[in-house]
Student: 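Can you read through this structure? Questions will come right after.
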Amino acid sequence: MEHWSDDLSAASLMDLASLQVENRIWGKDLRRLAQSLVESRLSKVISQDEYFHGRNRGQAEAVECHRRAAVISTQMCRAYSQV
């Protein structure tokens, strides 16, 4: 995960929309990686331990993705209310 600031108060609506698109793409990538991880485990390409660590990492990243989406959404609502 790259560094990401929670302070988006200076961001324009276009910046926020861009961040939202990037976050949605990241969310889709995370879901695709989770599916690939499951398929790898089912076909016994990876061990149970590798699967466990991959799932833990994926879940932590999914939580961060959802948190970022909430921050962006809140800031967008604030920005729209000021227009």
Side-chain angles (χ1 to χ4, degrees):
M1 287 177 270
E2 65 184 55
H3 176 69
W4 194 78
S5 173
D6 284 348
D7 183 16
L8 301 175
S9 58
S12 69
L13 282 174
M14 290 298 287
D15 292 337
L16 292 170
S18 231
L19 287 171
Q20 187 177 47
V21 167
E22 289 174 16
N23 200 59
R24 287 179 177 174
I25 291 169
W26 184 34
K28 286 181 183 182
D29 288 343
L30 290 174
R31 288 189 295 279
R32 206 173 303 123
L33 288 170
Q35 182 61 37
S36 175
L37 190 65
V38 169
E39 290 171 2
S40 294
R41 179 61 193 140
L42 289 174
S43 62
K44 301 195 188 265
V45 172
I46 61 173
S47 69
Q48 182 70 28
D49 193 47
E50 290 171 308
Y51 174 77
F52 176 75
H53 290 297
R55 288 296 290 186
N56 282 343
R57 185 178 57 250
Q59 288 172 348
E61 288 184 352
V63 167
E64 177 62 12
C65 184
H66 289 289
R67 188 190 69 78
R68 288 180 185 189
V71 169
I72 293 167
S73 178
T74 299
Q75 191 59 44
M76 286 181 100
C77 288
R78 287 181 184 154
Y80 277 121
S81 68
Q82 293 175 357
V83 173

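This structure is a prediction, so every number in the text was calculated from the model and none was measured.
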Student: Please answer: with hydrophobic residues joined when any side-chain heavy atoms are less than 4.5 Å apart, are Leu19 and Ile25 in the same cluster?
Tutor: no
Student: Would you say Tyr80 and Leu8 are hydrophobically clustered, going by side-chain heavy atoms of ILVMFWY under 4.5 Å?
Tutor: yes
Student: Ignoring hydrogens, what is the shortest heavy-atom contact between Tyr51 and Arg41? Give both atom names and the distance.
Tutor: CD1-CB, 3.6 Å
Student: Please check if atom CZ in Arg24 has more than 12 non-hydrogen atoms from other residues, nucleotides or ligands closer than 6.0 Å.
Tutor: no
Student: Taking atom types as modelled, find out whether Asp15 and Ser12 have a side-chain donor-acceptor pair closer than 3.5 angstrom.
Tutor: yes
Student: Measuring from Met14:CE to Ser18:OG, what's the distance to the nearest 0.5 Å?
Tutor: 7.0 Å
Student: Indicate if Phe52 and Leu37 have the same hydrophobic cluster label, given that clusters are the connected sets of ILVMFWY residues with side-chain heavy-atom separations under 4.5 angstrom.
Tutor: no
Student: First locate atom CG of Asn23, then atom CG of Leu16, and finally report the distance between them rounded to the nearest 0.5 Å.
Tutor: 12.0 Å
Student: Membership question, hydrophobic clusters at under 4.5 Å side-chain separation (ILVMFWY): are Leu13 and Val71 in the same one?
Tutor: yes
Student: Over all heavy atoms of both residues, which pair between Ala34 and Arg55 is shortest? Give the atoms and the distance, please.
Tutor: CB-NH1, 3.8 Å
Student: I'd like to know if the side chain of Ser73 and the backbone of Ala69 have a donor-acceptor N/O pair within less than 3.5 Å.
Tutor: no
Student: Less than 4.0 angstrom from a charged side-chain N to a carboxylate O is my criterion; do Glu64 and Arg68 meet it?
Tutor: yes
Student: Measure the spacing between CZ of Arg31 and CD of Gln35 and express it to the nearest 0.5 Å.
Tutor: 11.5 Å
Student: Distance from Asp29 atom CG to Ser36 atom OG, nearest 0.5 Å?
Tutor: 12.0 Å
Student: If hydrophobic clusters are built from ILVMFWY residues whose side chains come within less than 4.5 Å, do Val63 and Leu30 share one?
Tutor: no
